[in-house]
Structures are given as C-alpha cells and as structure tokens.
A.B. asks: 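Let me give you the structure first, and then I'll get to my questions.
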Protein chains: 2
Amino acid sequence: MGSSRKPSDGDGPAGETVGEIAYRRLRADILFGRLAPAEKLRLDRVSRTYGTSVSTMRELLNRLGSEGLIVAEGQRGFEVAPVSPDDFREVAAMRQLLECHAIEQSFAAGDLDWEGRVVAAHHKLSVMEGRMIAGDRADPQTWKRCDWEFHHALISACGSRVLLQMHGAIYDKYLRYQMIAVIFRGEVAAREHQRLLQCALARDAATAQGVLVTHIQSCVEHALAGDTTAWFKERSGPGPRDDARGGIHGRSAAPARD
Amino acid sequence: MGSSRKPSDGDGPAGETVGEIAYRRLRADILFGRLAPAEKLRLDRVSRTYGTSVSTMRELLNRLGSEGLIVAEGQRGFEVAPVSPDDFREVAAMRQLLECHAIEQSFAAGDLDWEGRVVAAHHKLSVMEGRMIAGDRADPQTWKRCDWEFHHALISACGSRVLLQMHGAIYDKYLRYQMIAVIFRGEVAAREHQRLLQCALARDAATAQGVLVTHIQSCVEHALAGDTTAWFKERSGPGPRDDARGGIHGRSAAPARD
DNA sequence: CATATGATGTTTCTCGAAAAATCAGATTGA
DNA sequence: TCAATCTGATTTTTCGAGAAACATCATATG
C-alpha cells in the first residue's frame, strides 16, 4: 500500500516506534515457530528479550491476543496460542472458504494491472521454489513471503478490503502451522502454483478453486500424517479461549456512562 | 485508583480487572454509535472518561485497533474507525459468506441440544421483537443481543471455533452499522427470523441461506437508502488502514534475535 | 494419610511522570 | 503575498515502581 517509507530503510524503518519493531519481531517469532506453542510468556522476561518495558510489552501482547496468536487468561498472564490438529483443520477450511470466494471475485474483476501483479508474483515465487527444490533451504522467510505475495496477488482484485484483511489474518495462522510442521512439498506445490497462474490468466475461477482446495487439503493431510504428538505440550485441548470478549457477545454490555 | 473494588459492583463480573471493564464499555460505546465514527480519541481525555490511566487505556485502544474498531495512525494517536457505504457493503457481504457457510455445516451436524438452543433463542428474540414493534424502544442493547444469540445459535453446531470467532467479529461490525443507521425493520425482520427457525428445524440449509441473504441485503439497502452523507465527517474514504501490520505481509520479517 | 489453612515469594496489573514527537501559530526573508 | 523556519504548547510514547492477585510450600488438623 502506498504509505510513504523512507528511501533507505533496511530493517527497522527509521521513524518507527520501539513498540512497532518489537511487535513485528514477536509476531514473526510466533509465526515461524521460534516461540513454542503454549509457551508461557512472563512479562519481565519477554520484555527484556525484545528490549522494551513491561508496559509496552503488555500493549503488544494484548494486540496479538486480539489477533488470536496469544491467549491471555484472566490475570494469570499470557502464553503463545496453543496448536491442535482440529484447529489446523479449521484454519485450513477457513482459508479455503475465503480464498475461493476471493478468487471468484478477483478473477471476474481483475484488470491488466492485476494480471501484471500475478505474473510478477508468480515469477518470484517460481524462482524461490526452484532454489528450495535444489536444496537451498536457507531462507524460509522470503520463500514464504513470495508464497504469500502470489496468493495475495491472485485475490488482490476482489474489491473488498474486509475480505483481504480477514484472509491475511487467517493466512498467517495457516502459515504458522506450515512452519511448525516443517512442510516441504516443493515440486507438487510448485506445479499447483503454475496451474493457478494459468487459471488466473484464463479467468477460470472454477478450476482455480479446485486446484486451491487440493493445494490446501493435501498440505493439511501431509502435515497431519506426521507425528502430531510432538505439537502438544501436556494438554493443549480447546483450552480457555477468548471467552472474555467484550461487546454484545460475552455478557450484557455495560451502560454508557458511569 | 488503588482502592479495592466494592463487593457489590453491579457493573462487571466480580473479580474482573479495571481494564476489562473499561474495554467492554469502550467497545460497546463504539458499537452502539455513542462514539462517532472517525472521532479523535485523545489519550488523556478518554482514559479519564473510562476511569483508567493512559497506559491501561493504550492497551485497550491497541486491542480494539487490532479488531478494526479503532485506527491508530503512526504516532499521531487513535480514532474511532471511520464508516463508509463501501465498507458497510463489504462487511455485509462478509457476514453473508461466513454465515451461509456456517449454516450449511450447522444444519447438517446439529443435534437435539442444538435444536433446543435455536428454539429458545428464537423465543426470546421473538418476545423482544414484539416489544420493539409495539413501540417500546427503550433497550436496543438487549434486543440486539437477542438477535445475536439467535443467529449464533443457528450456526453454533458448525463445528469450527475459528469460523464462529470470525463470524462474531464481523457480526459486531455489521451491528455497528445497524446502530448508526438506526434501523427498525420490525415486522419484516421478525418474519425472516421466523422463517429461519422453520428452515433450521427442517434442516433446509439452502432455503435458509436464501432467507439470510435477503435478510442482510435488504437491511443494507434500507440503510443506504437514507441519508448516508451524515455518516461522513469530512473525508473518511479508505483512509490509512492498518498498513503497519507485522508478520509476513507488511515487509520482510525481522531476524529472530538482535 | 488426606485435606484445609496460612505465610511467603513471584507475577501481573495499574498508575503517574519523564522523554520524544507532533501540531499550531508567529516570525522572517524573498 | 507566499513559503519556509522557528518556537511554544499539546499529545503521544516509553518507562519503572507500587499495589493487587496468584502460586507455592510448609504446617496444622480431622
């Protein structure tokens, strides 16, 4: 998106707040599995790890909690969101639903610029996949970013910000499972991406949806076929989810004024 | 405010934190239109209004920002999320997508307990709607909560926590537009709810989806038929949304350690 | 032996102030 | 007159400490 960034910003954008930087790092650490699922996050420790005060860290933790990447139970602290096969399946099904719908809209409305974005993103992804297949597994982050950019480009003409935003959120959770399960399906996935590209240029949404369903489902099955017991620390069942939501749902909304 | 909480503090649940109470109140104030869209929220003022310190308020504001109910631009403060006809349409379309899908799953899997929940929720909603139609518009909060509980009951057997959570989030945004536009479609909406109940008991998902689409779409059109220009304060266009998201999307994720 | 009770240490939650940044108005120069 | 810069005031961001809540463990009691 067209926000003005400083021309020379390598890692941390120049005029960015401390909290924002720590937020990105913490978020990436959860997504890429460097923080174990269900791991307890003690304020004092993590805030020192990421170079902020506890107050600032609490902001980030609350933010990530509201995204579902961290669970905050009452006044007993925070921990990394747990994982489970069921949750993985649900996340995958949700991604399927959103992305299939978005493909339909996007394929119908995409203009020439859109085609350009799709082709460009696929090229970059294709190159990265070639490297990964060749054995160069040094940088899964940029590889996965290319994967994201391709899938995002496909649906970028869907015309709904809300849809894109929700898809982004669920994609990230899906990505987390991919990184935890350490999935390489190089050749197969690359071929599916190739077919998605062809469908996009032919505006064939129906076929693309079929390919995408396979793309996601086979990934889930491949991941769950492995040793899923290693995912759990003790018992990570349904657990105490965000039951304390405000607004209308949780309980009767409080009166307006005090 | 170090004083202990009164045992009979009729507002929130007994052992609830100050932040949690303020969060619910602030969230409800946004959802029910008591805080105008695009209204600037100065830390000092709102924190005093809701009885917390600025640090605590920042937590809540960040949390609501991550839910999309508040926008936080750079280090220029927070404001209530803006509204626009386009956004309303997108939110409605998203609710339609999620709720139709959930209905299909739920109608197929619902057991007798589910039927009981649906019937009970519809009864309560029906009574409230009767009062509203009769002219008793004192308490839109409980009325809308009954609406929520009915729609939630319908899809409660869909089997996916992720789906239910996302639906809850989008329902709240939809609700906000309903409250802003001040929509009363008493008789029509009540009849549609009646038909939804019948479809649920007959397990007729296809018809229910059709009713729901009408239910949502006609509401959108009814709302947008009015004077939408009053919604905007100055220019509330697409505006600077959450461009600064972390993780994979925004930019290259930062390396793990420093 | 199992359970209830109480003291102690640890962690979270809340607060107010210092530091950094933004904004509005005034001043200066072309 | 217009643009640019500077200054003062307001607002946001960050921090560390105190108060409340929780967890742990030892002790007492049936």
Side-chain angles (χ1 to χ4, degrees), chain A residues 3-6 9 12-26 35 38-66 70-80 234 239-240 242 244 246 258, chain B residues 1-7 9 11-26 38-66 70-80 234 239-240 242-244 246 258:
Chain A
S3 76
S4 64
R5 289 251 167 63
K6 296 288 170 57
D9 65 329
E16 205 66 332
T17 65
V18 174
E20 213 62 41
I21 295 169
Y23 168 76
R24 267 202 299 276
R25 279 187 41 202
L26 178 53
L35 260 46
E39 180 175 340
K40 189 91 205 304
L41 294 177
R42 282 198 202 76
L43 263 323
D44 187 31
R45 195 175 59 76
V46 288
S47 58
R48 217 169 312 114
T49 303
Y50 289 90
T52 72
S53 66
V54 289
S55 314
T56 304
M57 182 52 69
R58 276 183 64 83
E59 281 184 21
L60 315 183
L61 259 17
N62 271 303
R63 213 160 133 192
L64 290 167
S66 156
I70 278 184
V71 291
E73 27 183 338
Q75 42 231 104
R76 260 174 289 177
F78 304 84
E79 55 189 59
V80 180
E234 223 146 289
D242 70 330
D258 55 339
Chain B
M1 225 57 87
S3 67
S4 63
R5 199 138 331 105
K6 299 286 174 59
D9 194 11
D11 196 28
E16 205 66 332
T17 66
V18 173
E20 213 62 40
I21 295 168
Y23 169 75
R24 266 202 301 276
R25 282 189 38 207
L26 178 55
E39 179 176 342
K40 190 89 203 305
L41 295 177
R42 278 192 209 76
L43 263 324
D44 188 30
R45 195 174 59 77
V46 289
S47 58
R48 217 171 307 115
T49 303
Y50 290 91
T52 73
S53 66
V54 289
S55 315
T56 304
M57 181 52 69
R58 276 183 63 84
E59 282 184 21
L60 314 183
L61 260 17
N62 271 302
R63 214 158 131 192
L64 290 167
S66 155
I70 278 184
V71 291
E73 26 181 339
Q75 45 232 99
R76 262 174 288 177
F78 303 85
E79 56 188 60
V80 180
E234 222 143 295
D242 68 332
D243 196 25
D258 57 340

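Here is how names work: the chains are called A, B, and so on, in the same order as the sequence lines, proteins then strands, and each is numbered from 1.
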A.B. asks: Please list, chain by chain and in numerical order, all residues satisfying side-chain contact (heavy atoms from CB on, under 4.5 Å) with B:Ser66, sequence neighbours excluded.
C.D. replies: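 With sequence neighbours excluded, B:Ser66 shows a side-chain contact (heavy atoms from CB on, under 4.5 Å) to A:Arg63, A:Ser66, A:Glu67, given in chain and number order.
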A.B. asks: How many whole angstroms separate atom CD of A:Glu79 from atom P of D:dC22?
C.D. replies: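 About 16 Å, once rounded to whole Å.
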A.B. asks: Is there a side-chain contact between B:Leu64 and B:Tyr23, using heavy atoms and a 4.5 Å cut-off?
C.D. replies: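 Answer yes - side chains close enough.
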A.B. asks: According to a strict under-4.0 Å criterion, is A:Arg42 in side-chain N/O contact with OP1 or OP2 of C:dT11?
C.D. replies: yes
A.B. asks: Between atom CZ in B:Phe78 and atom C1' in D:dT13, what is the gap in whole Å?
C.D. replies: 9 Å
A.B. asks: For residues A:Arg58 and A:Phe78, report the shortest heavy-atom separation together with the two atoms involved.
C.D. replies: NH1-CE1, 4.0 Å
A.B. asks: For residues B:Leu60 and B:Ala22, report the shortest heavy-atom separation together with the two atoms involved.
C.D. replies: CD1-CB, 3.7 Å
A.B. asks: How close or far is atom C1' of C:dC23 from atom CD of B:Glu73, stated in whole angstroms?
C.D. replies: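 Answer to the nearest Å: 13 Å.
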A.B. asks: Looking at A:Thr17, does any N or O in its side chain come under 4.0 Å of the phosphate oxygens OP1/OP2 on D:dT14?
C.D. replies: yes
A.B. asks: Output, in order, the C-alpha distance, side-chain angles, deciding distance and verdict of side chain to side chain contact (heavy atoms under 4.5 Å, CB included) for B:Val46 and B:Leu26.
C.D. replies: CA-CA 9 Å; B:Val46 289; B:Leu26 178 55; 5.9 Å; no
A.B. asks: For A:Val54, what residues pass the side-chain contact (heavy atoms from CB on, under 4.5 Å) criterion, not counting sequence neighbours?
C.D. replies: A:Leu43, A:Ser47
A.B. asks: In whole angstrom, what separates B:Glu20's CD from D:dA20's C1'?
C.D. replies: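 Rounded to the whole Å, the gap is 16 Å.
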A.B. asks: Short of 4.0 Å, heavy atom to strand atom, which residues of residues 52-61 of chain B count as contacting DNA chain C?
C.D. replies: B:Thr52, B:Ser53, B:Val54, B:Ser55, B:Thr56
A.B. asks: Testing A:Thr52, A:Thr49, A:Asn62 one by one against A:Met57 for a side chain to side chain contact (heavy atoms under 4.5 Å, CB included), which residue passes?
C.D. replies: A:Thr52
A.B. asks: Please report the distance, rounded to the nearest Å, between CG in B:Asp44 and C1' in C:dG16.
C.D. replies: 11 Å
A.B. asks: Counting only side-chain N and O atoms of B:Lys40, is one of them less than 4.0 Å from OP1 or OP2 of C:dC23?
C.D. replies: no
A.B. asks: Between C:dT14, D:dA23, D:dA21, which nucleotide gets closest to the side-chain atoms of A:Arg76?
C.D. replies: D:dA23
A.B. asks: C:dT12 C1' sits how many Å from A:Asn62 CG, rounded?
C.D. replies: 12 Å
A.B. asks: Rounded to whole angstroms, how far apart are OH on B:Tyr23 and C1' on C:dT14?
C.D. replies: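 Rounded to the whole Å, the gap is 19 Å.
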A.B. asks: Could you give the CG-to-C1' distance, from B:Leu43 to C:dA21, as a whole number of Å?
C.D. replies: 14 Å
